[in-house]
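Please read the structure below before turning to the comments.
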Amino acid sequence: MAEETFDFEQEVFTLTDEEGIESDFELIGNMEIDGERYVALLPVDGKDDEYVILKLTEDEDGDEVLVTIDDD
């Protein structure tokens with residue numbers, strides 16, 4: 001019988017909001033839809049069970065950035 005191994009290492013991102021407040025989020029999933037990439041993040045602080053979905057895009061310097069989604 002083959003033994004399965006799992007990598008449970010968390011991917012944590014520190015995001016800064018419009019007011020300059022930093023918060024840590026754990027990556028819980030990602031997907032590509034119509035050529036656009038999205039990530040689902042869960043707050044690490046555990047205060048909320050709500051997750052956020054952000055769009056992964058590039059800024060003018062070619063760096064990857066996460067932005068809020070304006071359209072449902």
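The model shown is predicted, which means the values in this text are computed figures rather than measured ones. As a basis for the values below, the full set of heavy atoms in this structure was taken, side chains included, without hydrogen atoms, waters or symmetry mates. Residues: numbered from 1 along the sequence shown.
- The closest side-chain heavy-atom distance from V52 to L15 is not below 4.5 Å.
- More than 12 heavy atoms of other residues, nucleotides or ligands sit less than 6.0 Å from atom CG of D61.
- Checked against side chain to side chain contact (heavy atoms under 4.5 Å, CB included), E18 has no partners two or more places apart in sequence or in another chain.
- Other residues sharing the hydrophobic cluster of V65, ordered by chain and number and joined by side-chain separations under 4.5 Å: V67.
- Hydrophobic clustering keeps L56 apart from I33 (ILVMFWY residues linked when any side-chain heavy atoms are closer than 4.5 Å, directly or through intermediates).
- Proximity of E11 to E26: side-chain heavy atoms (C-beta onward) are nowhere separated by under 4.5 Å.
- I53 pairs by the side chain to side chain contact (heavy atoms under 4.5 Å, CB included) definition with Y38, A40, Y51, I69, not counting sequence neighbours.
- Atom-to-atom distance recorded for L66:CG and K55:NZ is 12.0 Å, nearest 0.5 angstrom.
- E64 meets the side chain to side chain donor-acceptor pair (under 3.5 Å) test with R37; sequence neighbours excluded.
- A search for side chain to side chain contact (heavy atoms under 4.5 Å, CB included) contacts involving T14 returns E22, D24, not counting sequence neighbours.
- Looking at T16 and I21, their side chains never come closer than 4.5 Å, going by heavy atoms from C-beta outward.
- Put simply, V39 and L42 are part of two different groups of oily side chains (I, L, V, M, F, W, Y) that touch within less than 4.5 Å, one to the next.
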